[in-house]
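For reference, the structure is listed below as structure tokens.
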Amino acid sequence: MTTIELRGVSKEYKVRDGWRGGTTLRAVNDVSLTLEPGRTVALVGQSGSGKSTIAKMLLQLEQPTSGQILLDGKPLSRRRRDRSAYRHQVQMVFQDPFASLNPYHTIEHHLERPVRLHHPELSSDAVRERVLDLLRRVRLDPAEQFAVRRPHELSGGQRQRAAIARALAPEPGILVADEPVSMLDVSIRLGVLNLLGTLQREENLGVLYITHDLATARHFSDEILVMYKGDIVERGPADRVILEP
Ligand code: ADP
Ligand code: ADP
């Protein structure tokens, strides 16, 4: 069970401006949001509004310029062990499934490593059982031998499911899904979004669903935050938020 809160978080990037030196660009301005078990929060907004910057701060790829990130109510500490525990707790599903999969490794190899890291006590057979279980959880039928295939030997939708299994392997409490279906065929998008919804409900995950598609945000989330130029300009229950045309 994990809760992550952004409290009044802002992010400025320093942008080099030719020979004149630098300027700063405020990508995220005073954003507060809470990710908690069994809830999906959607972050919608046009390109450049700051959505990915929020994802990068949640993954600790970037540090906020001001404001706080709290894990289970406590500010993140700088201790190595705490940082590594935090990194396991928040896993990312990227727009491009290849982003989290090495094209030369089998799916099994991808899933085995985090399982072993997490559970060094397990025998090889027990690790393999967990790998098959991860595949079942993302509805990849073990009978189809997905474990021994490499990423390019899967369809786009199957590949995204494998990437989701990779994200689940370290047993995170929170999934950050950044446009998780926008590179997939329209016909299989709902299947992958339904999978994320099922994981959220049945496995009590907290999900941040980043998208510019308000229709799926409505359908698949509990709360919607609308961003515009770094600000949250509107927020509320999924059925109440309306975007100006
Ligand atoms: P979105 O995900 O909504 O498209 P981003 O968070 O990617 O928005 O970008 C918000 C703003 O921050 C944009 O103006 C973008 O150019 C800028 N930005 C993002 N990352 C960086 C970076 N590493 N350095 C400088 N500017 C950045
Ligand atoms: P490599 O095989 O290149 O060493 P790993 O699979 O070991 O890569 O991953 C390196 C780091 O990236 C690990 O800390 C891992 O937890 C993290 N990582 C990998 N995939 C994700 C993901 N989807 N979301 C967040 N962190 C990830």
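All ligand and atom numbering here is 1-based and tracks the order in the structure. Along the sequence shown, residues are numbered consecutively beginning with 1.
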- Which atoms from ligand 1 have a heavy atom of Ser47 less than 4.0 Å away? 4 (O)
- Based purely on interatomic distance, does Ser49 place a nitrogen or oxygen under 3.5 Å from a nitrogen or oxygen of ligand 1? yes
- Task: Side-chain contact test, heavy atoms from C-beta onward, threshold under 4.5 Å: evaluate it for Thr53 versus Lys11 and give yes or no.
- Result: yes
- Please report which non-hydrogen protein atom sits nearest to atom 19 (C) of ligand 1, along with the residue it belongs to and the distance in Å to one decimal place. Tyr13 CE1, 3.3 Å
- Would you confirm whether any non-hydrogen atom of the protein falls under 4.0 Å from atom 16 (O) of ligand 1? no
- Message: With a 4.5 Å cut-off on side-chain heavy-atom distances among I, L, V, M, F, W and Y, is there a chain of contacts connecting Leu101 to Leu59?
- Response: no
- Contact summary for Pro170 and His88, nearest pair of heavy atoms: CB-CD2, 3.6 Å
- Message: Is the contact between Met227 and ligand 1 made by the side chain, the backbone, both, or neither, using heavy atoms and a 4.0 Å cut-off?
- Response: neither
- Below 3.5 angstrom, do we get any N/O pair linking Gly50 and ligand 1? yes
- Task: Identify the heavy atoms of Ile210 and Lys51 that sit nearest to each other, and give their distance.
- Result: CG2-CB, 3.6 Å
- Quick one: does Lys14 get within less than 4.0 Å of ligand 1, heavy atoms only? no
- Could you tell me the residue and atom name of the protein heavy atom closest to atom 12 (O) of ligand 1, and the distance to it rounded to 0.1 Å? Ala27 CB, 3.4 Å
- Message: If hydrophobic clusters are built by linking Ile, Leu, Val, Met, Phe, Trp and Tyr wherever their side-chain heavy atoms come under 4.5 Å apart, do Ile188 and Ile107 end up in the same one?
- Response: yes
- Query: Shared ILVMFWY cluster between Val181 and Phe98, side chains joined below 4.5 angstrom?
  - Reply: no
- Task: Please indicate whether any nitrogen or oxygen in Leu25 is less than 3.5 Å from any nitrogen or oxygen in ligand 1.
- Result: no
- Can you tell me which residue and heavy atom of the protein come closest to atom 6 (O) of ligand 1, and the distance to 0.1 Å? Thr53 OG1, 2.6 Å
- Message: Suppose I only count heavy atoms of Gln46 and a 4.0 Å limit; which atoms of ligand 1 are within that range?
- Response: 3 (O)
- Within 4.0 Å of some non-hydrogen atom of Lys51, the atoms of ligand 1 are 1 (P), 2 (O), 3 (O), 4 (O), 6 (O), 8 (O)
- Message: Can you confirm whether Ile4 sits close enough to Tyr86 that some side-chain heavy atom of one is under 4.5 Å from a side-chain heavy atom of the other?
- Response: yes
- Nearest heavy atoms of Gly157 and Val192, plus distance in Å: O-CG2, 4.3 Å
- Please say whether more than 12 non-hydrogen atoms of neighbouring residues, nucleotides or ligands are located less than 6.0 Å from CZ in Arg136. yes
- Message: Among all the protein's heavy atoms, is there at least one whose distance to atom 22 (C) of ligand 1 comes out below 4.0 Å?
- Response: yes
- Note on the structure: So the atoms of ligand 1 within less than 4.0 Å of a heavy atom of Ser52 turn out to be 1 (P), 2 (O), 6 (O), 7 (O)
- Should Arg130 and Glu171 count as an ion pair when the cut-off is N to O under 4.0 Å? yes
- Specify the protein heavy atom at minimum distance from atom 10 (C) of ligand 1: its residue, its atom name, and the distance to 0.1 Å. Gly48 O, 3.4 Å
